[in-house]
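These numbers come from a predicted model, not from an experiment. Numbered from 1 within each chain, the chains take letters A, B, ... in sequence-line order.
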Amino acid sequence: MEQQYPVLIVIIPMFTAMVLTLAGWFKPAVCQPLAVVGLLGSFLSAVATLLQIGAGEVISYRLGGWEPPFGIEYRVDSLNALVLVMVSLVALLVAIFARKPVEKELGNKISNFYTLFVLLVTGLLGMTITGDAFNLYVLLEIAALTSYALLAMGRGRAYMATFNYVILGTIGACFYLLGVGLLLIKTGSLNMADIGTILPKLVGSETVLVAFGFLMVGVWIKMALFPFHGWLPNAYTYAPTATSCLVAPLMTKVSVYIMLRIMFTVYSADWIFNVIQWKPVVMVLAVVAILMGSFFALAQRDIKRMLTYLIVAEIGYMVGGAWTGTAAGLTGTIYHIMADGLMTVCLFMVIGSVVYRKGKAHFESFKDAFQSMPWTMGALIIGGLSMIGVPPTCGFFSKWYLISGAYQSSDYAFIVALLISSLVNAILFIRIVETAFFSATPSEIPDPHAHHEVDYADSPVSMLIPMWVSALALIAMGLYTGEIVTRWILPILPGGLI
Amino acid sequence: MSQSIVSFTPLAIVLTSALAVIPISLSGRNPNLRELWTFLAGFLKLMLLFSLLEPVTKGIAVQFELWKVLPGVSLHFSVDAFGLLFAFVACSLWIPTSLYVIGYMRGLKEHAQTRFFACFALALSATAGVAFAGNLLTLYVFYEILSLSTFPLVAHHQDGEARTGGRKYLTYLLATSIGLVLPAMIITYQMTGTLEFSSMGIYGDTVKPGTLLVLLLLFLYGFAKSGLMPLHSWLPGAMVAPTPVSALLHAVAVVKVGVFCNLRVITGIFGIEILSKTYLDTVICVIAGVTVIVSSLIALSQDNLKRRLAFSTVGQLSYIILGAGLAQSYAVKGAMLHISMHAFGKITLFMCAGAIFVASGKKYISQMVGLGHKMPFTFGAFLIGSLSVIGLPPAGGFISKWLLLKGTIAAEHWPMMVVLLGSSLLNAAYFFPIVYQAFFGKGILPENENVKEAPLACTLPLCLTAVISIVLFVYPEPFLTLATLAVGE
Amino acid sequence: MKVLSLIIALVMGALLTVILDDLPAWGDAQSPANAHVSAYYLENAYKQTHVPNVVTAVLADYRGFDTMFETGVVFVAVIGIMAILRREGVPKGAKSRKRPPHQPPDPAITGVATRFIVPFMQIFGLYVIAHGHYSPGGGFQGGVILGASVILMAMTGELKSALNRMSEDWFIIMVGLGFLIFAGVGLACMFYGGNFLDYSALAPLFSGTPQEAAITARYHAMLWVEIGVGFTVMSSMFAIYTYLASDGWMDRGL
Amino acid sequence: MEWLQINYNYLLVIVLLMIGLWAMIGKNNLVKKCIGMCIFQNAIIMFFISMGVKAGSTIPILNYTKIDGVKTYLTEASMYANPLTQILMLTAIVVGVATLGMALTLVQKIYSEYGTCEEDEILEKLN
């Protein structure tokens, strides 16, 4: 049984999806509980896998029993085990959270929604766990197709936004496939670790270099790194609440993980930082992504849209951290993949609750929110503090490592960009909190000292619980930073870093 | 520190007021019960502090490790004489201020009192946390908590002005702490591998003076709560807060935390010796000296009483930093002592300003002509507070300023002596006219004819702190002992 | 935008042209892509599975996991298109008449021709699925042919008449069922103690020495799997056509 | 010229890739974008297939000879075309169909929403 955990992570939600289709076609009410049960199973398997892995170990699971590179292999080290736990946890929380908003927004498509939801999670988990470059492509497409459908369920402007995403997403996926093809033509293998052992013999091959370019551009489009970010804000803004809660935290983070895999497992740190001289260019992209995301976020009145621009900025954090070429920077990136997943889901759930109660997520919707939705706003504050990077939330520690890495590699522009983005985040969240806290201005209403009563109308408990779990997870993760870093991240850092 | 013991007491002190937030928020519907909790927590905290006095005066550091967050860095408390001194100042002033808050808030029938008391208690916890912080990270954590917990207090009035002030307040403090302190801290950690305070400094001899200068500036300006120019303008802006907030937070907790952090960094991270070896002490002195003089000049021109007090605070804070920058044991002792002396003096002044506002509704100095006869206790206390801040006997401020002066002489830092003396004159120039006009000025405003003293809950605390200011002149031993210990003599 | 896209396309083309000399010559049997892994399949597929069609062997067994998710992709497409396109208020099983009725052209000739062709198409489709082990074919190909036969009915007659043969209930169930058959075979392998999709674990179901039984198990499991694929592909082709052609109303076709 | 002869398959693929990409990004009509997508994906499929070609080989279904009435399959790798790339592309075709279906669905929705498939007209109506 123990050795089957890796595959269970993926196939439990997959079977759940099939059962959901059949059961949900006749009785939609059973969908949400089934989805929660399935994702819980997946989450528990992911945790069990994570705990199985010793320092620096790799668990290899042979699908179909064929030895790699001939069969498909699942390779789990503590890097993807961590990402798996994050993904399945976030998915589980959103599945619990989704019940009410889905009933409200997608009343007659509940079974479709949960089927696609669970399949999207399957795709993301499969992308994370697989050790095979082509298997990754297939699951990438599963995740992409489900996310197209889920985003397009938002109707109205969502269709056009999603269409743009379909086009760009397909370009991204095709570039990835083309990159895999070029690697296949030079190495004859699809297994990432196997390619990784062959590539060093091909030093100087232009094909390998161009393949790297295609792979990188492909994942950058998928993760919406500047200048490929154009599709993201619209697509996520017009999506249904539950969809954006799931897609926003996970899609981009998993793409970042894939970038790390390509960089450090398929290719090697030594090749990337010593042979090719791309680092300055990528660092510029990361810095511009951070600055641009932050400033566009500043200009938004719709909070959901504002958060989507913050995602663009956070992508810059992670790409920049990985490309500093330092152990600390890479640690920061890996840590931030998880931290940012949790932060984003927490904030999107908060926004989702506000939309659920007030219909919109404009600044005006937040008026008096502290009186009417105190618990929701509490979660907003914790999520916001983590975005800003206030200790002891985990946002602080990811910044700590990222800045350390940038300092070691003398990327001072990146440090400055990180700090500016923190400040912008601070301003943004101060603005929201101010509106939510102090909008009832005693001097502006006729009787300044009259007790200003606002009806208590917080989100339902089914939405508050996942929201607070994610908020508390932010703090818990911050407090256990040392543990996480020393036990799981440091042992798997590739050689060849500063 | 040669010896140390492990004890829960520092944590308990920090937690007393933090935990008090829960009963305070729960008993929002019963104001008397709510305030009982505040006082209980206040006294409990003070008693716990006294229990720390004994080991600390024997030169034993009280340690408590809270949590290991990063490899090599943990959140931990370490109580030494300086920290204890600061904690004493903050906690002992909490009780009279609470009393005063009750009188003030109920007198003006302010809204959202429960939120106010809850945040107040939280701010006190953060202050204690800063005082006991054993390393830079812990210091930073509690510094941030303090910024955030005081934001609702500053923006308490919820009108346009309060929101602007609050936004400015938080933006300045967060921007500097994230933008300057955080990178400085990370760079320090990268260079030295530690963030623990050490009286020798942690940089060693290998770091270049240029780097040290940059780090020093990052730290000095990063802790913007200390109001060094040009990053001082949040402080007058934050005066939109209700007066008790200005009193406790902007005379004691918040600004003193900033100064305390600066002192900690100067003595614990850089180390006095390295600073004087690299002549960086002069940099500190110049920055602080300029701030002292300029802010005193600005204060002269302010008509709003609270703003004048605010600029006075900016100047006085820089005395403390200047004292540390002199890198001389008398001066450092004077600086530490000035934290407490100025705290008692300034809180008296702020409470007086609040009491005047409660009684007469007046904010501007020009409208207070002749009020002295109507409110003799308030203005009497104001006089004593002024004396203390200026540094004249018979108030406690004299002792600290005297020590500072002695420090300049011992260090043969003549320009700084001129700065100290000159600014004391300026202090006198902006305080005495207020008192003079109140008692001897002609032409009392017609609407002031019927003004009486503020309610007892307002007047009593300010008289109390005024008396303490005088007592501290006669009997400064408690704080002096701690300061002497902290300097290490 | 036009200029920009042209530049992007040209840059990509230039990059690929530059590396042409670095690529192995066309038709080189010794190039890495043809040697490393693929040669292993050609040399060992029959030994290990007794399936002479190497494509089928690799598709359904060596890389069966990919193929399972490939079925998943089709499944996702159906569910996704249904989620976006299906109109609200169309009852399940599609009996709605919200839109004004539309008179189809008289299918006198096409209808008769279709009725004549469809049975042959379906027989051929089944053959392609079943004979995939020995000749070009398999679940996808056969499934598409079967799907095409139903679509042909829908195109020449009314969509209604095709839906009477294969209602919405049915094709949704079949889409899920096909996927479930594939994954179920994989799960069965786990219950017999092997890894997921390790068909040789099903050896106890078959006679012969353990080694032979394992090979037989692989051989048979591949057929089951292909049948599952056929189910999904057939019904999904029709489902996608139905939703797209009727714009989600489920009442009439093109 | 010789260079063209050697590489004509790759060059064809490259031209198709360029056309597809150009249409996907630059075309104004949404259906044409979908067509571009199709061309792009098919170009990749051709690329993979042509990489698996071996000169003088046959389809990867094993031939056999009968020796004494016993079937013996010939497993000489150079006899058969590369099965791996074909399998990969079988998957890619399915993915292409699914993506195209999804894209066309969206186009249909957009058309019924805005009454046009021209991107600039839609953007005008959005603002």
Side-chain angles (χ1 to χ4, degrees), chain A residues 69-70 72 116 132-135 137-142 144-186 188-190 207 214 217-218 221 228 230 234-235 238, chain D residues 10 13-14 17 20-21 23-27 30-34 36-52 82 84-85 87-92 94-114 117 119 122-123 125-127:
Chain A
F70 309 111
I72 293 168
L116 291 168
D132 189 279
F134 192 79
N135 189 241
Y137 168 74
V138 178
L139 284 149
L140 182 89
E141 285 292 358
I142 289 216
L145 284 167
T146 45
S147 64
Y148 302 151
L150 284 171
L151 293 170
M153 284 164 99
R155 54 198 84 175
R157 300 184 73 161
Y159 296 130
M160 195 59 208
T162 311
F163 185 80
N164 281 332
Y165 178 30
V166 172
I167 293 291
L168 269 168
T170 309
I171 295 180
C174 286
F175 274 15
Y176 176 83
L177 185 57
L178 205 53
V180 172
L182 290 172
L183 283 181
L184 176 65
I185 213 170
K186 290 306 277 188
S189 181
L190 290 169
T207 314
F214 275 111
V217 175
I221 291 175
F228 313 110
N234 278 335
Y238 301 121
Chain D
Y10 292 127
V13 166
I14 291 170
L17 280 175
L21 189 65
M24 270 168 105
I25 307 175
K27 281 290 174 190
L30 300 187
V31 178
K32 285 184 184 165
K33 283 188 181 222
C34 293
M37 194 163 92
C38 232
I39 297 175
F40 195 63
Q41 283 172 334
N42 285 327
I44 295 180
I45 290 167
M46 286 173 69
F47 172 68
F48 269 82
I49 295 299
S50 74
M51 108 176 52
N82 186 342
L84 181 62
T85 55
I87 289 141
L88 301 183
M89 285 313 104
L90 200 55
T91 309
V94 173
V95 168
V97 169
T99 318
L100 187 66
M102 194 64 80
L104 286 175
T105 308
L106 286 167
V107 173
Q108 209 172 64
K109 272 287 169 190
I110 291 169
Y111 186 77
S112 60
E113 192 101 345
Y114 303 107
C117 279
E119 200 177 6
I122 296 168
L123 291 178
K125 289 191 182 179
L126 280 176
N127 294 323

With a cut-off of 3.5 Å and sequence neighbours excluded, list every side-chain donor-acceptor pair involving residues 157-185 of chain A.
| residue | atom | partner | partner atom | Å |
| --- | --- | --- | --- | --- |
| A:Arg157 | NH1 | A:Tyr238 | OH | 3.4 |
| A:Thr162 | OG1 | A:Ala158 | O | 2.6 |
| A:Thr170 | OG1 | A:Val166 | O | 2.5 |
| A:Tyr176 | OH | A:Ala133 | O | 3.0 |

Donor-acceptor contacts under 3.5 Å from residues 96-103 of chain D side chains, at least two apart:
| residue | atom | partner | partner atom | Å |
| --- | --- | --- | --- | --- |
| D:Thr99 | OG1 | D:Val95 | O | 2.7 |

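A distance of 10.5 Å separates OH of A:Tyr137 from CG of D:Leu88, quoted to the nearest 0.5 Å. A distance of 11.0 Å separates CG in D:Leu84 from CZ in A:Phe70, rounded to the nearest 0.5 Å.
In this structure, A:Tyr148 and D:Thr105 have side chains that are not in contact, with every pair of non-hydrogen atoms separated by 4.5 Å or more.
Other residues, nucleotides and ligands contribute over 12 non-hydrogen atoms within 6.0 Å of the OH atom of D:Tyr114.
Contacts of D:Leu30 with chain A are made by both backbone and side-chain atoms, with heavy-atom separations under 4.5 Å.
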